[in-house]
Amino acid sequence: MIEIYNTESRRKEVFAPIDAKRVRMYVCGPTVYALAHIGNARPVIVFDALFRLLRHHYGRDHVFYARNVTDVEDKINARAKERGITIRELTEETLRIYREDMLALGNLAPSFEPRVTETIPEIIAMIAALIANGHAYEAEGHVLFSVPSMPSYGSFSGRSTDELLAGARVDVAPYKRSPMDFVLWKPSDAATPGWDSPWGRGRPGWHIECSAMAEKLLGDTFDIHGGGRDLMFPHHENEIAQSVCAHGGAKLSNYWMHNGMLQMGGEKMAKSVGNVVAVRDLLAEWPGEVIRLQMLMTHYRHPLDWTEEGSRTARTILDRWYRAAGHAAPANDMPAAFIAALDDDLNTPEAFAVMHELAAEALKGSTAAASSLKAAGNLLGLLEKTPEEWASWRPAKMALSEADIIARIDARNAARKARNFAEADRLRKELLDAGIVLEDGPAGTTWKPA
RNA sequence: GGCCACGUGGCGGAGUGGUUACGCAACGGUCUGCAAAACCGUGUACCCCGGUUCAAUUCCGGGCGUGGCCUCCA
């Protein structure tokens with residue numbers, strides 16, 4: 001039995017899918033105009049872990065996970081112009097890198113990766129439906145959602161419409177009936193991507209794409225909707241408004257989950273703050289699995305300050321787990337305590353405590369524990385390599401070439417054989433200064449990045 | 001300013017109305033030419049002030065601090 005903290009009710013609730021044969025989850029995906037930063041990766045990793053847990057419980061053919069790709073957006077247009085490439089070139093390149101990066105972090109591909117450019121007819125149909133039932137109106141080539149037409153607007157993110165009116169800090173477009181109204185469709189000039197619509201050539205506003213893609217793939221009401229906390233308002237509030245009003249009041253999602261913000265030096269990591277670290281850059285310095293474990297070592301709802309020390313800790317843990325798991329085949333049965341931890345609102349830190357216990361038993365010789373450890377890790381997308389593959393990971397930049405290192409190791413071993421330990425230690429030190437740690441084992445000397 | 005989270009040992013990080021979380025780091029020991037790994041052992045904690053209670057880190061109130069949102073944001 002899974003319990004999920006539902007942001008909407010602000011309580012932990014027992015998870016009961018609408019249809020256990022078709023469990024459905026939607027997560028807000030990337031706008032493809034720039035490299036994904038590590039903060040962008042948090043929801044991907046967190047909800048991938050949930051996806052895997054759901055598949056464990058309901059069967060892999062019974063869980064459907066949609067994560068959209070927003071490939072129509074004004075920032076994309078601006079960036080493409082800046083770089084002197086076409087919008088298509090920019091979105092294709094960015095999406096390709098995004099997929100590579102997310103794969104390197106151990107994420108499964110979602111069941112569906114809908115793109116806005118492939119969902120335009122559904123978006124137009126949804127907007128038309130909103131106009132038809134009085135929740136939207138056309139004004140000067142724009143179509144706007146009429147916030148006052150939905151009395152419950154604001155209840156999801158916990159704000160009153162009075163407060164929103166008072167706090168309105170943007171210039172209110174003259175064609176808006178209410179300052180809170182938001183854009184569903186906006187006109188495009190000849191240089192901007194656009195599609196023909198009943199309201200002229202234009203493009204969708206920010207929020208409608210998620211409503212339309214979710215409807216298309218998962219139906220009017222589905223089980224879980226996820227995303228970053230910062231999306232609660234306005235994005236999710238508006239998504240709810242659009243979908244609920246287009247669907248005659250049907251609920252959009254039964255459970256809402258929001259991951260906490262990733263921080264860097266105590267501040268939210270965001271492009272607007274300028275403190276972003278690209279996933280791509282981190283992957284040059286650390287195995288993707290290290291980043292994945294580091295991400296999951298903190299409960300998904302809490303803020304997470306991204307530090308190098310955290311990466312080091314995660315790597316040390318994985319070194320130990322890989323040693324402990326060895327070549328064991330994953331057990332068929334999952335450790336109960338491990339699953340129980342994950343079932344409790346995806347309590348990954350507690351699940352890792354169980355893995356630590358298993359690792360200790362495995363290192364004392366329990367092959368059953370090794371198998372359980374492997375199975376548990378695999379469930380979360382960890383420990384999927386062989387120990388050899390794990391040990392052979394190399395950072396993109398090293399002070400010494402592989403050949404230089406080998407030459408020094410050979411020289412050191414010759415010195416050791418001659419019992420010239422002063423020289424052997426000098427070579428060890430020299431390599432350590434270059435960021436290389438040597439380990440003398442029964443099978444010879446191996447090395448790894450410090 | 002409004003709304004909402006959070007505040008645990010050197011660091012990371014769960015959890016609980018009364019009993020060791022766990023990990024990393026540190027220290028001592030076994031082992032090792034050295035180092036690493038492994039194993040054994042050691043230490044340090046629940047922001048402040050009230051309240052409820054036999055008992056609060058855990059519940060309630062206030063304060064302080066940090067973070068998020070308030071139409072760019074994962």
Side-chain angles (χ1 to χ4, degrees), chain A residues 7 10 27-31 36-47 67 73-75 78 147 154 157-160 162-164 166-170 172 179-183 205-207 226-235 237-238 258-263 266-273 276 293-294 297-299 301-305 307 309-310 312-317 319-321 323-324 341 344 347-357 359-360 363-365 412 415-416 419-422 424-426 428-429 431-432 437-442 445-448:
Chain A
T7 333
R10 284 198 264 120
V27 173
C28 293
T31 298
H37 61 72
I38 187 66
N40 299 131
R42 191 172 191 190
V44 178
I45 293 173
V46 162
F47 292 106
R67 187 182 66 212
E73 220 270 350
D74 289 355
K75 282 191 295 266
V147 168
S157 56
R159 51 201 87 201
S160 68
D162 287 351
E163 184 188 304
L164 288 169
R169 67 178 189 186
V170 283
V172 176
M180 292 181 293
D181 293 350
F182 56 90
V183 172
W206 175 29
H207 316 289
R229 272 209 87 78
D230 54 348
L231 292 183
M232 269 187 86
F233 187 87
H235 186 56
E237 186 76 56
N238 290 354
H258 291 92
N259 61 275
M261 293 295 99
L262 199 97
Q263 303 180 4
E267 204 179 1
K268 179 173 83 155
M269 182 180 289
K271 293 183 189 101
S272 55
V273 182
V276 298
L293 177 62
Q294 183 176 3
M297 282 194 310
T298 299
H299 185 86
R301 278 192 278 125
H302 287 195
L304 195 181
D305 207 350
T307 63
E309 197 187 343
R312 272 181 205 292
T313 301
R315 193 188 58 188
T316 304
I317 291 169
D319 281 341
R320 182 174 162 89
W321 283 353
R323 269 193 301 273
D344 181 13
N347 193 336
T348 47
E350 197 167 298
F352 292 144
V354 176
M355 289 177 66
H356 281 120
E357 275 178 42
L363 286 165
K364 283 174 187 167
R412 175 171 167 274
R416 290 172 72 206
R419 302 198 66 81
N420 182 356
F421 296 123
D425 289 348
R426 190 192 66 74
R428 171 188 285 287
K429 179 73 166 49
L431 284 166
L432 184 63
V437 173
L438 299 185
E439 289 178 11
D440 299 323
T445 301
T446 60
W447 66 273
K448 64 180 188 180

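So that the names make sense, note that chain A is the first sequence line, chain B the second, and so on, each numbered from 1.
The gap from the P atom of B:C47 to that of B:C72 amounts to 37 Å, rounded to the nearest Å. Going from the P atom of B:G7 to that of B:C59 covers 10 Å, rounded to whole Å. For the C1' atoms, the distance linking B:G9 with B:U57 amounts to 13 Å, nearest Å. Comparing the same atom, P, in B:G18 and in B:A55 gives a spacing of 14 Å after rounding to whole Å. Rounded to whole Å, the separation between the C1' atoms of B:A45 and B:G10 comes to 11 Å. Nucleotides B:C22 and B:C40, compared at atom P, are 13 Å apart to the nearest Å.
Counting non-hydrogen atoms under 4.0 angstrom, A:R67 reaches nothing in the nucleic acid. Counting any heavy atom pair closer than 4.0 Å across all strands shown, A:M261 reaches a base atom. Base contact: A:D440 has a heavy atom under 4.0 Å from a base atom. At a threshold of 4.0 angstrom between heavy atoms, the contacts of A:F421 include nucleobase atoms, whether or not backbone atoms are also involved. A:H302 comes within 4.0 angstrom of sugar-phosphate atoms only, judged by non-hydrogen atoms across all strands, and of no base. Residue contacts shown for A:H235 are absent, as no nucleic acid heavy atom lies under 4.0 Å away. Using a 4.0 Å heavy-atom criterion, one finds that A:G310 contacts no nucleic acid atom at all. Looking at heavy-atom distances under 4.0 Å, A:R416 makes contact with a base. Among the atoms of the strands shown, only primed sugar atoms or phosphate atoms (P, OP1, OP2) are found under 4.0 Å from some heavy atom of A:E309. Across all strands, A:R10 comes closer than 4.0 Å only to sugar-phosphate atoms, never to a base (heavy-atom distances).
One finds a side-chain N or O of A:K271 lying less than 4.0 angstrom from the OP1 or OP2 phosphate oxygen of B:A74. Put simply, A:K268 has no side-chain N or O that comes within less than 4.0 Å of OP1 or OP2 on B:U66. For B:C24, the OP1/OP2 oxygens have no side-chain nitrogen or oxygen of A:R315 closer than 4.0 Å. Side-chain N/O atoms of A:N40 include none lying less than 4.0 angstrom from OP1 or OP2 on B:C73. When the side-chain nitrogen and oxygen atoms of A:W206 are compared with OP1 and OP2 of B:C73, one or more of them lie within a distance under 4.0 Å. For A:R428 and B:A36, the shortest distance from a side-chain N or O to OP1 or OP2 is not below 4.0 Å. Between A:T313 and B:G12, a side-chain N or O to OP1/OP2 separation shorter than 4.0 Å is absent.
A side-chain N or O of A:S157 and one of A:E237 form a donor-acceptor pair less than 3.5 Å apart.
For the pair A:I317 CD1 and B:C11 P, the interatomic distance rounds to 17 Å; values are reported in whole Å. In this structure, the CG atom of A:D230 is 14 Å from the C1' atom of B:A5, given to the nearest Å.
Distances were taken from every side-chain heavy atom of A:E267 (C-beta onward) to each of B:G68, B:C70, B:C34; the shortest belongs to B:G68. Here B:A74 is the nucleotide among B:A74, B:C24, B:C4 with the atom lying nearest to any side-chain atom of A:N259. Nearest to the side chain of A:P234, among B:C40, B:A74, B:C70, sits B:C70. Between B:A38, B:C73, B:G23, one nucleotide has an atom nearer to the side chain of A:K75 than all others, and that is B:C73. Here B:C34 is the nucleotide among B:C34, B:C69, B:A14 with the atom lying nearest to any side-chain atom of A:R412. Side-chain proximity of A:F233 to B:A74, B:C70, B:G33: nearest is B:C70. Picking from B:C34, B:C70, B:A37 the nucleotide with the shortest atom distance to the side chain of A:D425 gives B:C34.
Searching all strands for a Watson-Crick or G-U wobble partner of B:C6 with both distances below 3.5 Å returns B:G65. Pair assignment for B:C54 gives B:G18, based on Watson-Crick or G-U wobble hydrogen-bonding distances that are each under 3.5 Å. Nucleotide B:G1 forms a Watson-Crick or G-U wobble pair with B:C70, both donor-acceptor distances falling under 3.5 Å.
Of the two residues contacting RNA chain B, namely A:E439 and A:T298, the nearest-nucleotide position lying further toward the 5' end is that of A:T298. Position along RNA chain B of the nearest nucleotide to A:R320 versus A:P303 favours A:P303 as the more 5'-ward residue.
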